[in-house]
Amino acid sequence: MTQILLIDDDHAIRLLLERTLKRSGYDVTCASLGEEGLIKARELHPALIICDWVMPGISGLEVCSQIKSIPALATTFFILLTSLGSVEDRVKGLDAGADDFLCKPIEMNELIARVRAGLRLHQLSQDLKEQKQLLETELAEAAEYVSSILPEPLQEKSLQIKARFIPSSQLGGDGFDYFWLDDNHLAIYLLDVSGHGLRAALPALSVINLLRSRGLNRVNYHRPNEVLNGLNQAFQMTYRNDKYFTIWYGVYHRKKRHLVYASAGHPPAILLTEDPAEGFIEHHLKTPGFPIGMFPDANYVNENLTLNILSTLYIFSDGIYEIEQEDKTLLGLKKFTDILKSYQSQSPRDLETLIQSLKRHNIQDQFDDDLSIIEVDFT
């Protein structure tokens, strides 16, 4: 039976409304003061509250405001009883969170009609809340699955790799991997699918599984440009599939300390090399090329360099620097690079320290986009 809470200091009105509502089949609980009403509301979690505006102690306006501030009662439909008919008073009531008004003297048929309408809206709000919770659960499970297939840290004599993946509240399309192609060649990549939600996460998982199994036909995985060309043919956008993605892909030869790389619309990887005289020298590693899936005839090219023994490479998604700060501006790549240099000077280094530094710049509790970063230390 639907629970209704009735709050009114007038005993006669309270009794009349209670009898009317009970005859209509509702379970009615009464309170004579605002304080008592708040206590019962927290206990009962009623679907609908009818509350007088003018009462001793806490007014109906304050009761409404407090009820709407309680997450568990946010969908409770709130009707204010009032003899105040001015527009200004109704604006105050709406600002406090009231969903509807009943003017005194109360017409019983109108009361029942407004209660029925309010309960329909309450049920719709409950359904939406449940669907939202279900979607959030599914997104959390998807984020856990994405995390579960990402690689573990790599620790070798002259090569250490650490990585972090922080899913956003909406779950984006970040993904990364690193694996040995043979005894000397290590493939490293990070991708970012456009959009959010499962429709962005699923293509990222497909790319990870495809590259991990080396499922692209007639592609030399030691040549980054061939890998990007193969992905571009396999993941072309269509009318039914509007997703594209950016990617940075590199292959490192550990004996020669040689890196060859290519990118497709992705932010540059940042190589920081320690110089005793100049501090940290930065190099932005990026090649021209459209994001994967945009144009079937897109072309991708390789660049290469030999790495200094005091170098560290950072590969990341744009979510790591497109962070809204307190002054409403974005953090930006330049400021993020300065944060990286400060982090690079620490000993020992822990990516969690870097993440916490970024969180201090973020005005939101959670990041608006997925945040992914790979740290490759060649020292």
Side-chain angles (χ1 to χ4, degrees), residues 146-147 149-156 159-167 172-181 185-193 204 207-208 211-212 221-222 224-225 227-228 231 245-254 257-273 280-289 291-292 300 302-305 307-308 311-323 331-334 336-341 343-344 349-352 354-355 358 367 369-379:
V146 172
S147 299
I149 70 167
L150 297 177
E152 296 293 325
L154 179 66
Q155 182 77 28
E156 302 222 348
L159 181 68
Q160 295 84 40
I161 302 181
K162 296 180 288 186
R164 284 298 306 272
F165 167 66
I166 310 293
D174 283 13
F176 59 82
D177 200 4
Y178 38 86
F179 52 89
W180 291 103
L181 297 171
H185 293 89
L186 179 74
I188 311 167
Y189 69 86
L190 191 148
L191 67 107
D192 183 3
V193 181
V207 173
I208 291 173
L211 293 181
R212 192 172 285 178
Y221 282 81
H222 295 73
N225 65 325
V227 174
L228 299 193
L231 289 173
F245 61 89
T246 67
I247 185 171
W248 191 99
Y249 182 100
V251 177
Y252 174 65
H253 192 298
R254 62 177 168 182
R257 304 186 64 82
H258 183 262
L259 177 68
V260 57
Y261 63 91
S263 60
H266 201 78
I270 294 180
L271 182 70
L272 295 181
T273 303
F280 291 109
I281 300 173
E282 67 180 84
H283 297 278
H284 289 208
L285 309 186
K286 181 174 182 172
T287 62
I292 301 296
Y300 303 96
N302 292 332
E303 290 286 351
N304 62 84
L305 75 163
L307 297 173
N308 187 295
S311 295
T312 303
L313 179 67
Y314 295 95
I315 312 162
F316 44 84
S317 59
D318 58 10
I320 207 165
Y321 61 82
E322 291 183 350
I323 294 174
L331 179 67
L333 183 59
K334 183 181 185 305
F336 170 67
T337 304
D338 293 338
I339 294 173
L340 268 185
K341 290 179 179 179
Y343 165 76
Q344 182 73 11
R349 295 194 303 272
D350 182 357
L351 280 176
E352 184 58 32
L354 177 63
I355 300 301
L358 294 171
F367 294 107
D369 195 4
D370 282 2
L371 184 155
S372 299
I373 184 168
I374 304 173
E375 176 186 339
V376 188
D377 193 346
F378 299 102
T379 58

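Reckoned from all heavy atoms, side chains included, excluding hydrogens, waters and symmetry mates.
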Where [X] and [Y] come nearest, the two heavy atoms and their spacing:
X	Y	value
L333	Y321	N-CD1, 3.7 Å
A262	N302	CB-OD1, 3.7 Å
P224	G250	CG-CA, 4.4 Å
F179	L211	CZ-O, 3.6 Å

Any luck finding a side-chain donor-acceptor pair between S317 and D174 under 3.5 Å?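 Checked: S317/D174 side chains pair up, N/O donor to acceptor below 3.5 Å.
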Atom [atom1] of [X] and atom [atom2] of [Y]: how far apart are they, to the nearest 0.5 Å?
X	Y	atom1	atom2	answer
L191	I208	CG	CD1	6.0 Å
L154	L186	CG	CG	6.5 Å
L351	I355	CG	CD1	6.5 Å
L271	L259	CG	CG	8.0 Å
H258	L307	NE2	CG	8.5 Å

A163: what forms a side chain to side chain contact (heavy atoms under 4.5 Å, CB included) with it, not counting sequence neighbours?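 For A163, the residues satisfying side chain to side chain contact (heavy atoms under 4.5 Å, CB included) (neighbours in sequence not counted) are F176, Y178, I374.
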Tell me every residue that passes side chain to side chain contact (heavy atoms under 4.5 Å, CB included) with K286, counting only those two or more places apart in sequence or in another chain.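 Once residues adjacent in sequence are excluded, the partners of K286 under the side chain to side chain contact (heavy atoms under 4.5 Å, CB included) criterion are S263, P268.
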Verdict with supporting geometry, R164 and E352, salt bridge (Lys or Arg N to Asp or Glu O under 4.0 Å): CA-CA 8 Å; R164 284 298 306 272; E352 184 58 32; 2.2 Å; yes
Under 4.0 Å between a side-chain nitrogen and a carboxylate oxygen: does that hold for R254 and E156?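 Yes, R254 and E156 are salt-bridged.
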Is any side-chain N of the basic residue among D377 and K162 closer than 4.0 Å to the acidic one's carboxylate O?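 Here D377 does not pair with K162 in a salt bridge, since their nearest N and O are not under 4.0 Å apart.
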Looking at D192, T246, D318, which hits side chain to side chain donor-acceptor pair (under 3.5 Å) with H266?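 Between H266 and the candidates, side chain to side chain donor-acceptor pair (under 3.5 Å) is satisfied uniquely by T246.
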Answer yes or no: is there a side-chain heavy-atom contact under 4.5 Å between [X] and [Y]?
X	Y	result
I247	I292	yes
R349	E375	yes
L285	L305	yes
L272	L340	yes
L331	I339	yes
I270	H284	yes
L181	H222	yes
L190	S372	yes

Going by ring pair (Phe, Tyr, Trp, His ring centres under 6.0 Å), name the residues that satisfy it together with Y300, two or more places apart in sequence or in a different chain.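 Result, ring pair (Phe, Tyr, Trp, His ring centres under 6.0 Å) vs Y300: none returned.
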R212: which residues meet the side chain to side chain donor-acceptor pair (under 3.5 Å) condition with it, sequence neighbours left out?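 Counting only residues at least two positions away or on another chain, R212 forms a side chain to side chain donor-acceptor pair (under 3.5 Å) with D177.
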Mind checking what makes side chain to side chain donor-acceptor pair (under 3.5 Å) contact with Y314, not counting sequence neighbours?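 Y314 satisfies side chain to side chain donor-acceptor pair (under 3.5 Å) with Q344 only.
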Donor-acceptor check, side chain of N308 to backbone of T273, threshold 3.5 angstrom: yes or no?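 Flag not set: sc N308 to bb T273 has no pair under 3.5 Å.
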Please step through side chain to side chain contact (heavy atoms under 4.5 Å, CB included) for the pair I315 and I373, ending with a clear verdict. CA-CA 6 Å; I315 312 162; I373 184 168; over 6 Å; no
In terms of ring plane angle, is the pair F378 and Y252 parallel, tilted or perpendicular, where the classes change at 30° and 60°?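 Answer is tilted, since the angle falls between 30° and 60°.
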Sub-6.0 Å ring centroid separation between W248 and Y261: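 Ring centroids of W248 and Y261 are less than 6.0 Å from each other.
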Just to verify, what does D338 make a salt bridge (charged side-chain N to carboxylate O under 4.0 Å, His left out) with, not counting sequence neighbours?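 Applying salt bridge (charged side-chain N to carboxylate O under 4.0 Å, His left out) to D338 gives K334.
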